[in-house]
Amino acid sequence: MSVNLERIREIFSDYSPEKGNFMVLLHDVQKACGNWLPEEALMEVSKLAKMPLNKVYGFVSFYTMFSTQPRGKHIIRVCKDGPCAVKGSLMLADLLMKELDVDMGETTDDNHFTLEETACIGTCTASPAMMIDDEVYGNVAPESLNSILKKYR
Amino acid sequence: MKYNAKILSTDNVLLKNVGNIDPLKIDEYIANGGYEALKKAVTMDRKAIIDSVSDSGLRGRGGANFPTGRKWLFTYNATADQKYLIINADEGEPGTVKDRILMEGDPHQIIEGMVIAAYAIGATKGFIYIRGEYNDSIKTMNAAIKQAEEKGMLGKNILGSGFDFEMRVAMGGGAYICGEETALIDSIEGKRGEPRLKPPYPPVEGLFKKPTIVNNVETIANVPHIIAKGSEWFRSLGASCSPGTKLFMLCGDINEPGIVETPIDLSFEDVIEKFGKGANGGEIKFAQIGGSSGNIFTPEMLKKVWTYERCCEFKVSYGTGSIFVCNDSRSIVDHLLTVAEFFEHESCGKCTPCREGTHRVKQIIEDFAFGEGTVSDLEILKELCLIMKRSPICGLGQACVNPVLDAIEYFKGEILAN
Amino acid sequence: MSEMIKVNIDGIEVEVESGATVLSACEKAGVKVPVLCHHPDLNVAGVCRVCMVEIEGMGNLQASCAYPVTQPLTVKTKTNRVRKARRMNLDLVLAEHYGDCYTCPRNGNCELRTLADEYGVDKFKFPHVDKPRYAKDTKSFSIIRDQDKCIHCKRCIRTCIDMQKVNVYETANKGHDVEIQVALNKSIADVVCINCGQCVNRCPTGALWTQDVSDQVWEDIENPDLFVIMQTAPSPRAAIGEEFGYPPGTRVTKKLNAAMRRAGFDKVLDTNFAADLTIMEEGTELLERLHKVIVKKDKSVKIPMFTSCSPGWVKFIEHYYPDHLDHLSTCKSPQQMYGAVIKTYYAEKIGIDPSKIRTVALMPCSAKKYECNRPEMNASGYRDVDYGLTTREMAMMLKEAGLHLADMPTEEFDPVLGEGSGAGMIFGATGGVMEAAIRTVYELVTGRPVPFERLNITPVRGMEAIKEASLKLEKVKKEYKWLEGVELKIAVAHGTANAKILMDKLVDGTLDYHFIEVMACPGGCLGGGGQPIPTTPEIRKARANAIYQEDEEIEIRKSHENPLIQKLYKEFLGKPGSHKSHELLHTHYTKRGQYFVKD
Ligand SMILES: Cc1cc2nc3c(=O)[nH]c(=O)nc-3n(C[C@H](O)[C@H](O)[C@H](O)COP(=O)(O)O)c2cc1C
Ligand code: SF4
Ligand code: SF4
Ligand code: SF4
Ligand code: SF4
Ligand code: FES
Ligand code: FES
C-alpha cells in the first residue's frame with residue numbers, strides 16, 4: 001500500500017514540541033499507514049517534526065507498539081505476564097498460533113491478523129487477557145476464542 | 001463488565017464514584033460533590049494547600065512512597081517562567097489496574113486533583129501520560145478534559161480565580177520504563193524513554209528543563225478529598241505513618257479477583273481472605289506484592305500489617321499495591337522466569353548492569369528451569385543481583401532483582417532441586 | 001568563577017568547582033578511576049557503569065563521571081563493593097563482546113582489553129558469545145562498522161550528534177535488544193555520514209574502523225610496472241610519532257620520509273606544496289568574487305566564500321545546506337590538486353606515463369578516502385588520487401615492515417614538486433588555511449606583509465569554537481583600488497557543530513563575513529578521524545604546537561613565495577584561476593538529501 005503523505009501532513013499539522021504530542025500523532029500516522037510505519041512515512045515525519053531521521057528511527061524502534069515491518073489489518077496482543085500466565089495465557093497464545101497458523105510476531109498470509117505478545121495490559125484481575133486492536137478482552141476462555149475472532153474476520 | 005475489574009470493597013473514597021456515575025458526564029460528578037474542593041482551593045493561599053497535603057501525610061502511590069507535600073514544595077520554591085505538572089498513568093507493573101479504573105471510572109476526580117496541585121505549585125501546563133494500550137482511558141480522559149474546559153474547571157481563569165491551567169493527554173507507546181518519571185518526561189519530549197541521570201531531579205529540572213512535578217494517578221486522586229475534608233480526616237484513616245486509603249489489586253490464584261480500597265490497617269492475608277475469598281487451587285505458596293519488581297512475601301509475612309514504617313524496617317515495599325497470589329502448585333522458578341523475561345525486554349537498555357544483567361539473570365534462571373542450574377550458578381546469580389541493586393542508573397535495574405533475591409532467600413531448596 | 005567545594009577522595013582532599021564531576025575531582029587528586037563511556041571531548045553519558053565509586057551517605061554506588069559535586073563529599077574508590085561492581089560490569093560487557101583480539105585493528109590499543117587486564121577479569125562468569133552475530137558493514141569508502149565489538153558506550157552517538165551535528169547513529173530497540181544503529185539499519189554508506197571519522201577516533205573498541213587500503217598499496221608497491229608516489233599532509237607528521245611511543249607533539253617528518261622510502265614508495269612528496277597551490281587558487285577566487293560583488297554588483301556571486309579543503313565539511317554542506325553550495329570555494333583540496341598535478345605536469349617532468357602512476361596520500365582523515373573516490377575527481381584523465389591512507393594505517397604499514405621511526409635517519413622530500421611553505425604547513429591546524437590565505441591575499445593586495453609579528457596571525461589560532469578577525473585593507477596597490485578601505489572580515493570554525501552555527505546564520509541572512517574557513521574535525525586536520533587514538537583536547541594542543549613550530553622554522557612562510565609554485569604556474573598552469581587551473585584544480589558539488597545519499 002502506498003503511503004498517503006497528504007494524510008501524514010494533515011496529522012502533523014497539529015505538532016509542536018511543547019504540546020508533547022509527537023507520540024500521539026505518530027500513533028495516528030501508524031493507523032493511517034495500515035498498522036505500521038513504512039520508510040517514506042518516517043522520512044515525512046522527520047521532515048514535518050524537524051527531527052533527524054536517526055532520532056525518529058531510534059524513537060520508533062524503542063516503543064513496542066510501533067512497527068517498521070508490515071502488519072495485518074488487526075493486531076492481536078496476548079498478555080504474557082505473571083498474573084495472566086498462571087491463568088493460561090500461554091495456552092491461549094498456543095491456540096491462537098494454531099488457529100491463525102502463525103508464530104508470535106507474525107502476520108497471517110491474508111494480511112488480516114498479526115499476532116503479538118504484550119506486557120501486562122492492566123486487566124490482571126480478569127486474566128487471561130488479550131487485546132484486539134483497541135478492544136480489551138478479559139477472562140478469555142479457550143472456547144470463546146473463535147467467537148471473538150469471528151468479529152474481526 | 002466495562003472495567004474488567006470488580007470492586008470488592010464498599011466503604012470507598014477514591015472508588016466511591018466508580019461504577020456509580022457516568023464518567024463521561026461531568027454533571028454527575030458535580031452532583032456528587034465534585035469540584036467543591038477546587039472551589040475551596042482557589043480561595044486558599046497556595047502554600048496553605050501544600051501545607052495541608054504535607055500535614056495529611058500523603059505519600060506517593062506510584063511505588064516510591066515519597067511524601068507528596070514535600071515534593072511539591074521543591075517546585076513551589078523553584079523560580080521559573082514555566083512549571084509543569086505531569087500525572088503518571090503509564091501503569092505497567094503486571095498485576096496493577098488501579099490507575100485504569102480511576103481514569104475510566106472517575107476522570108474528573110483526577111482532573112480536579114491536578115488543577116489543585118497545579119495551582120499550588122504554580123504550574124500552568126500539565127500532562128497526563130497514559131500508556132498507549134489504554135485506549136478507553138485515553139478516550140475518557142480526553143472527553144473529560146473537554147467537559148472540564150467547557151465548565152471553566154480547566155483553561156483560562158479557572159473559576160474566576162485568575163489561574164490558568166492547560167492540560168493534555170500524552171500517550172505512551174508500549175514501554176514499561178516510561179513509568180519511571182524521567183523516562184516519561186523524555187518520552188513526552190518526543191525522545192526514547194531512557195531515564196535521565198540524576199541529579200538534577202524533576203522538581204528542579206524536568207520537562208523541557210523546567211521544574212516539574214510527576215505524581216501517580218492514585219496520588220493525585222487523593223488530593224481533592226484532602227482539601228475538601230482536611231488533613232485531620234486523612235490522617236485518621238489507617239496507621240499514623242501510612243495514612244489514607246490504598247488501592248490493592250488481587251490477582252492470580254484467588255477466588256475473587258478484583259480491586260480493594262482500604263486503609264493500611266489490615267494484613268495482606270486479611271485482604272486476601274476478606275475481599276478475595278481466599279486463594280484457589282491450593283494453599284498460598286507466596287504472593288508477589290507490587291508488580292514484577294515487587295517483593296515476594298511468604299504466607300508468614302502476609303500475616304503482618306505492612307505499614308510504611310514496617311516496610312522500611314524490613315526493607316520491603318508494597319509498591320503499586322498489586323497482590324499476585326500463587327498457590328502451592330506453582331513453581332517459583334517458572335514465576336521467576338516470567339519476571340526475568342519481562343525485565344530483559346523492558347529494560348531501556350541504556351546502562352550495562354541492567355541491559356546485560358537482566359539478560360544474564362534470565363539466562364541463569366532458564367538454566368534452572370531446564371534443570372541445568374548448579375550451586376555455583378546460584379551464587380553467581382546472587383552476586384549479580386546484589387550488584388544490580390546498587391549500580392544501575394534507575395529504579396528498574398535496581399528493583400528488578402528484588403523477587404530473585406527474595407526467592408533465593410525463601411526458596412533456595414526448591415530452586416536447586418530443579 | 002563558581003564556588004569551590006571540598007571533596008575527599010580516598011583520604012586526599014581536593015577542591016573543585018561546584019558542578020564539576022566526582023571523576024574530575026578524582027583526577028585532581030591523582031586517583032585513577034577506570035572509564036569506558038566517558039571521553040573528555042564528549043557530554044556525560046554515565047551508561048557503562050565501570051567508573052563506580054562509593055559516596056559517603058549514599059546507599060547506591062555512583063557513576064563518578066556523571067555525579068556532580070554540589071556539596072562537600074567523601075568518596076571511596078577502592079572498596080570491595082566498588083571493585084566487585086566494576087568487575088561485574090566489565091564482565092557483563094565482555095561476555096557479550098564477540099571479538100577476536102588477534103585480528104582486531106584495536107589490538108594493542110583497546111580500552112576494553114586494557115581494563116579487562118587491569119581489573120583482572122580473568123575468568124568469565126557468564127557464557128561468552130562465541131559467534132559473530134552481525135555482518136560487518138564495509139560498504140562505505142571510509143567507515144567500517146563491526147557491531148559484534150560494540151559495547152554500547154554511545155560515544156559514537158554523542159560524537160556524531162552532539163559534537164558533529166551530523167545525526168548518523170542512534171540507539172535502536174529496547175532492553176537487551178539494544179543496538180547502536182544507523183537510521184533504519186542502513187549501511188553507513190547510504191546515509192548522511194560525512195566520513196569525518198570522529199566516531200572512529202572515540203570508539204573504545206574495534207567496533208568502528210576506517211576502510212583499510214594498505215593491502216592494495218603494498219600490492220602496487222611490489223608491482224614493477226607501477227610507480228607509487230606518496231604525498232604526506234602536515235598533520236600526520238605531527239602525530240604519527242604517537243603511534244611509535246613518542247610524546248604527542250613530537251615532529252618526525254624527516255624520519256618518516258626515510259621510513260616511507262624504505263617501505264618502497266618511489267617518491268615522497270609534501271602536500272604542503274599543494275596547500276600553497278590551494279592558497280594561490282583560493283586567494284585568487286576570493287579576490288575575483290569580491291570584485292564581482294563589490295564592483296560589478298553581481299548578485300549571482302556568493303559571499304562569504306567558504307573554504308573547501310575539508311571533504312567532511314564539503315559533504316556536510318552538501319547534505320544539510322544543499323541550497324548554499326555556491327558559497328563553497330570551487331577549489332579542490334590540496335590532496336586532490338596534488339594528485340591532478342602529479343598525473344600531468346609531474347608525470348611529464350619525471351618522464352613516466354601517468355597510467356603507470358599511483359598516487360597515495362597520507363592523511364589525518366578518513367573523509368579523504370571518500371573524497372578521492374568521488375566520481376568527478378579525475379581531471380587528469382586518471383584518478384587524481386588512488387588511495388588515501390590514514391595516519392594509523394601508515395603506522396601499521398611501517399610496523400609491519402619493521403620500520404621503526406626511532407631507527408630511521410632523517411631525509412628530505414623529493415625534488416621538483418617537493419616542498420611547501422610554512423603557510424602550507426599550518427593547514428593542519430584550525431585557522432591555518434585562513435592564516436595562510438591572508439598572508440598571501442593581504443600581500444597581493446597591499447604589497448606588504450600582513451601586519452602581525454613574525455607573520456603569526458594569532459586571532460585565528462587556538463581552539464576556540466568560532467574565531468573571527470577583521471583586517472583593514474589600506475594603501476592598496478592600484479589594481480586593487482576597489483578594495484581600498486575595505487574591512488576584510490573573516491571567521492574560522494572547526495567541528496561541523498560550530499560550522500552549523502555559522503550556516504544557520506547564513507540561512508537567516510545574518511552572517512556578515514567575506515571569507516570563512518571550516519574544518520570538519522575539532523582542532524582542524526590535526527584532530528582528524530584518521531589520527532592516532534586517543535585524540536584529546538591536550539593532545540590536539542600538542543600537535544598544534546608542533547605544526548606552528550615547524551612553520552616558524554621553514555624559511556619560506558608564504559605560499560606565493562614558494563619558488564616551486566611560481567615555477568609550476570610559469571611552466572604549466574599559466575596564472576592562478578586560469579582555464580587550465582580550473583580544469584585540473586577546481587571542482588563542483590552535489591546537492592544531497594538530508595536523509596539518504598543521493599549519487
Ligand atoms: C521502572 C519504574 C517504573 C515505574 N512505573 C510507574 C508507573 O507505571 N506509574 C507510576 O505512577 N509510577 C511509576 N514509577 C515511579 C515514578 O518514577 C515516580 O516515582 C512516580 O510517578 C511519582 O509519583 P508519586 O510520588 O505520586 O508516587 C516507576 C518507577 C520506576 C523506576
Ligand atoms: S537501570 Fe535499566 S531501565 Fe534504568 S536506565 Fe539503566 S538500563 Fe535503563
Ligand atoms: S575491541 Fe578490544 S577486546 Fe574487542 S576484539 Fe578488539 S582488541 Fe579485542
Ligand atoms: S564519520 Fe563522522 S559523520 Fe560519519 S558517523 Fe562518524 S562522526 Fe558521524
Ligand atoms: S560503536 Fe564504539 S563508540 Fe559506538 S557505542 Fe559501540 S563501542 Fe561505543
Ligand atoms: S498481567 Fe496480563 S493483563 Fe496484567
Ligand atoms: S565512565 Fe562513568 S559510567 Fe561510563
Side-chain angles (χ1 to χ4, degrees), chain A residues 14-28 30 45 49-51 55-67 75 77 79-87 89-90 116-131 133-140, chain B residues 1 4-6 91-101 125 127 129 131-137 168-176 178 187-194 207-208 249-253 257-259 288 291-292 322 324 326 330 334-335 338-339 341-342 345-346 348-349:
Chain A
D14 186 41
Y15 173 70
S16 99
E18 301 84 62
K19 288 185 186 168
N21 58 356
F22 185 74
M23 177 104 74
V24 176
L25 302 182
L26 206 60
H27 276 293
D28 289 346
Q30 173 159 277
V45 166
K50 297 197 172 60
M51 194 190 279
K55 298 236 169 113
V56 174
Y57 178 67
F59 184 94
V60 165
S61 67
F62 186 83
Y63 297 98
T64 43
M65 290 180 80
F66 296 113
S67 172
I75 301 176
R77 298 184 165 98
C79 172
K80 58 166 197 255
D81 283 327
C84 284
V86 301
K87 289 288 172 189
S89 70
L90 303 181
E116 293 182 355
E117 285 178 337
T118 176
C120 170
I121 44 178
T123 312
C124 340
T125 54
S127 296
M130 67 176 197
M131 286 176 83
D133 301 336
D134 290 353
E135 198 69 32
V136 180
Y137 295 89
N139 292 321
V140 184
Chain B
M1 183 173 54
N4 279 320
K6 211 178 240 169
E91 188 165 75
E93 276 295 356
T96 311
V97 308
K98 63 190 178 70
D99 298 344
R100 175 182 197 139
I101 305 299
K125 284 187 181 163
F127 292 92
Y129 182 95
R131 57 182 304 205
E133 293 89 343
Y134 277 12
N135 291 291
D136 289 334
S137 304
R168 298 172 175 279
V169 170
M171 267 172 90
Y176 161 84
C178 288
S187 184
I188 295 181
E189 290 182 3
K191 299 177 185 150
R192 295 166 57 83
E194 293 176 0
L207 186 65
F208 304 122
M249 289 126 296
L250 290 166
C251 58
D253 294 318
I259 182 163
Q288 190 176 12
S292 280
S322 80
F324 172 31
C326 283
R330 308 289 173 194
D334 285 353
H335 176 61
T338 311
V339 169
E341 280 170 351
F342 175 78
H345 184 66
E346 295 300 344
C348 84

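Remember, it's a predicted structure, so these values are computed and weren't measured experimentally. In what follows, chains carry the letters A, B, and so on, assigned in the order in which the sequence lines appear, proteins first and then strands, with residues in each chain numbered from 1.
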**Message:** Would you compute the distance between atom CG of A/Leu90 and atom OG1 of B/Thr338 and round it to the nearest 0.5 angstrom?
**Reply:** 7.0 Å
**Request:** Go through the atoms of B/Phe127 and report whether side chain, backbone, both or neither lie under 4.5 Å from a heavy atom of chain A.
**Result:** side chain
**Request:** May I ask you to name which of A/Val24, A/Asn21, A/Asp134, A/Leu26 has the most heavy-atom pairs under 4.5 Å with chain B?
**Result:** A/Asp134
**Request:** Taking the side chain as every heavy atom from C-beta outward, state whether A/Lys80 and B/His345 have any pair of such atoms under 4.5 Å apart.
**Result:** yes
**Request:** Name the option with the most non-hydrogen atom pairs under 4.5 Å to chain B; the candidates are A/Ala129, A/Cys84, A/Gly82.
**Result:** A/Gly82
**Message:** Is the shortest side-chain heavy-atom distance between B/Arg100 and A/Thr123 below 4.5 Å?
**Reply:** yes
**Request:** Below 4.5 Å from any heavy atom of chain B, which atoms of A/Lys87 appear? Answer side chain, backbone, both or neither.
**Result:** side chain
**Asked** How about B/Ser187 and A/Tyr63: do any of their side-chain heavy atoms sit closer than 4.5 Å?
**Response** yes
**Asked** Are the side chain of B/Arg330 and the backbone N or O of A/Val86 linked by a donor-acceptor pair below 3.5 Å?
**Response** yes
**Asked** Looking at B/Pro257, B/Cys326, B/Ala170, which one has more heavy-atom pairs under 4.5 Å with chain A than the rest?
**Response** B/Pro257
**Request:** Can you tell which part of B/Glu93 gets under 4.5 Å to a heavy atom of chain A, answering side chain, backbone, both or neither?
**Result:** backbone
**Item:** Under 4.5 Å from a heavy atom of chain A, the part of B/Asp253 involved
**Value:** both
**Request:** With rounding to the nearest 0.5 Å, note down the distance linking CD in A/Glu135 to CG in B/Asp136.
**Result:** 6.5 Å
**Request:** Give me the one residue out of A/Pro83, A/Cys124, A/Ser127 that meets side-chain contact (heavy atoms from CB on, under 4.5 Å) with B/Phe324.
**Result:** A/Pro83
**Side chain to side chain, A/Cys120 and B/Glu133, heavy atoms closer than 4.5 Å** = no
**Prompt:** Pick from B/Ser292, B/Ser322, B/Gly349, B/Gly258: which one has the most heavy-atom pairs with chain A under 4.5 Å?
**Reply:** B/Gly258
**Message:** How close do B/Gly174 and A/Thr64 get, counting heavy atoms only, and between which atoms?
**Reply:** O-OG1, 2.5 Å
**B/Cys348 portion near chain A, given a 4.5 angstrom heavy-atom threshold** = both
**Message:** Quick check: closest heavy atoms across B/Glu194 and A/Phe62, and the distance to 0.1 Å?
**Reply:** CG-CE1, 4.2 Å
**Asked** So do A/Met131 and B/Asn135 actually touch side chain to side chain, heavy atoms under 4.5 Å?
**Response** yes
**Asked** Picking from A/Asp81, A/Val60, A/Val56, which has the most non-hydrogen pairs under 4.5 angstrom with chain B?
**Response** A/Asp81
**Asked** Closest approach of A/Ala119 and B/Glu346, non-hydrogen atoms and distance?
**Response** CB-OE2, 3.7 Å
**Request:** May I ask you to name which of B/Met249, B/Arg131, B/Glu189 has the most heavy-atom pairs under 4.5 Å with chain A?
**Result:** B/Arg131
